[in-house]
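Quick notes on the structure that follows.
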Amino acid sequence: MLHKWGAAQRCAARNESAKSNKQAIRPCVARLSVRSALSSRQIRCSAIEQSAAPTLSRASSNGSSSGVVAELDEKQEAEQQAVAADPVLAYNLEKNDWTASSLSVVVLGASGDLAKKKIFPALFSLYYEGLLPENFQVFGYARSKMTDAEFRDMITSTLTCRVNARERCAEAQERFLKRCFYQAGPYDEPGGFQALSTRLGEQEAVKPRANRMFFLSIPPNVFLSATGNAADHARSKSGWTRVIVEKPFGRDSASSAELGRGLAQHLAEDEIYRIDHYLGKELIENLTVLRFSNRVFEPLWSRQYIRNVQIIFSENFGTEGRGGYFDQYGIIRDVIQNHLLQIVALFAMEQPVSLDAEDIRNEKVKVLRSMKVVAPEDVVMGQYRARGKLPGYLDDKTVPEGSLTPTFAAIAMFINNHRWDGVPFLFKAGKALHKRYAEIRVQFRHVPGNLYRDKQGADPDAACNELVIRIQPKEAIYLKINNKVPGLGLRLEQTRLDLQYQQQYQVELPDAYERLLLDVVNGDKRLFIRYDELQAAWDLYTPVLHELERSQAAPELYPYGSRGPLGAHYLAARHNVRWGDLADDADDE
């Protein structure tokens, strides 16, 4: 308060001085701001005065003070745009000196599907956009025998340019491929990693400092051996080393803790980047902006106004021959315990002190620790069966006979804190459903003493406001409101205030892996999972997972291409909730 009062006094003094000198400058306004994009410091009036003083002095002599103000405004706007375009400046990160450093990205498991479909295309997109340093190279590492030329041929077909950035795409691909190399070797023996380090050093010799980034696109059973060998035999000796660990992070609290201890033997926590690609999606990145930069939402973001929150994940395809891997985890471990729970932590957290990674993750951990452990009665499981020519889960030859692994789950959770006490958070996730989409739905409470109750039909729930954040596809944010239908009568209907990203911005949104890989290069951990955060998430689900497996609970069957098992509706009704996506499906039809 003293600081704010002092700033106000300085501004008042400046304004009085401006009046007495008849300077045509805008009044100074003192305010406290949230940590800014530049350096987390508010722009003070005194700083503006100091930088503007020489120019204002010259202007007063030739009578052009209004032009100077415009010049200052343009300069400040240009600086703000430059900050917004640079993530390092925007989030106050330590800047890499790429004039004296090189960057090597090593993809372990380079011959796998994830690497070919996501990681290499994301790296190329960053390269094409000019977001990677000049001295940059990619190394693939896997057990498969392959030459550099064969490796380049393998990834060539996966590289594409954005629809709105096709100029000189083929030339960029050719330059990118020249930076790609391959090293074959085992994950559990140091020899291959020593050879890899030697080859990395040959490419890095042009700069005094070498930074190395490892992406573990490998099966969980070789995580620790590969990480240990990479850290002990291929880490950078002159720059930073960062290791990206892809989920799954264990199967329960115990296995997650074991993995964490194993990684800690070779790496410091600030070198480990536990990636959840869902956190890299544009609408998830926008969650904190939507809430904390819009005054209209913050007062409503609590149990006083919100009836329930729904997080829905739907895929319109099955395991497609990958059932052997999926069967080890199931939909709860594969989607709900990580992707959807992380979304809730971001959605429900209190405003962090700043945009620093640790401040944000501290608030997320508080949410997770405030949540009630999942009870078996708050879980509904399903498994898709055959429908016509569409195969059932058990028809996948890679799935064990008679498997009880769920391909669908609906779960009710609660946050026991002052903001969210009593508000159900409902999760719904499944494979082989009627369509592909993911969204957050916020259903608000009824209007007390509603003046128009008799004009809105027999179902009061249908007239409740609802905020929908569609994560994918066709990204959008829309708010359902009640509105008078134009005309002489008084008829009400529900309509949308609708922000469609494709229409509004007309740009192709970056892939989640592009954002997250760039964050690792910049050392930004806001969207990565900290160890205590991971353990808090597992503690919520481990008891119910063990109980379901111990009791061999049979999942409810649902047809391929349907909306899932009926049990999900009974679960929602028990908490006085109706799934919001059903009404939207009816509207779309």
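- Pairs of residues two or more places apart, or lying in two chains, never qualify as ring pair (Phe, Tyr, Trp, His ring centres under 6.0 Å) while including a residue from residues 363-382.
- The ring pair (Phe, Tyr, Trp, His ring centres under 6.0 Å) check on Tyr278 picks up Phe313, His339, with sequence neighbours excluded.
- In this structure Pro121 satisfies the side chain to side chain contact (heavy atoms under 4.5 Å, CB included) test together with Thr158, sequence neighbours excluded.
- For the salt bridge (charged side-chain N to carboxylate O under 4.0 Å, His left out) condition, the pairs that include at least one residue of residues 397-419, sequence neighbours left out, are Glu298-Arg419, Glu350-Arg419.
- Partners of Asn362 under the side chain to side chain contact (heavy atoms under 4.5 Å, CB included) rule, at least two apart in sequence or in another chain, are Asp359, Arg530.
- Looking at residues two or more places apart in sequence or on another chain, you find a side chain to side chain contact (heavy atoms under 4.5 Å, CB included) between Ser256 and Leu534, Gln535, Trp538.
- Listed by chain and number, the residues in a side-chain hydrogen bond (donor to acceptor under 3.5 Å, both in side chains) with His569 amount to none (sequence neighbours excluded).
- Considering Phe215, Phe528, Phe249, Tyr531 in turn, Phe528 is the only one that fulfils the ring pair (Phe, Tyr, Trp, His ring centres under 6.0 Å) rule with Tyr273.
- Partners of Tyr570 according to the ring pair (Phe, Tyr, Trp, His ring centres under 6.0 Å) rule, which considers only residues two or more places apart in sequence or in another chain, do not exist here.
- Each salt bridge (charged side-chain N to carboxylate O under 4.0 Å, His left out) pair with one or both residues in residues 552-561, not counting sequence neighbours, would appear here, but there are none.
- Sorted by first and then second residue, the salt bridge (charged side-chain N to carboxylate O under 4.0 Å, His left out) pairs involving residues 381-396 (not counting sequence neighbours) form an empty list.
- For the side chain to side chain contact (heavy atoms under 4.5 Å, CB included) test, residues two or more places apart in sequence or in another chain that qualify with Asn286 are Val289, Leu290, Ile477, Tyr501.
- Every residue was checked against the side-chain hydrogen bond (donor to acceptor under 3.5 Å, both in side chains) condition with Lys372, not counting sequence neighbours, and none meets it.
- Geometric assessment of Lys435 against the ring of Tyr437 yields a positive cation-pi assignment under the 6.0 Å and 45° thresholds.
- Residues Tyr560 and Tyr384 bring their aromatic ring centres within 6.0 Å.
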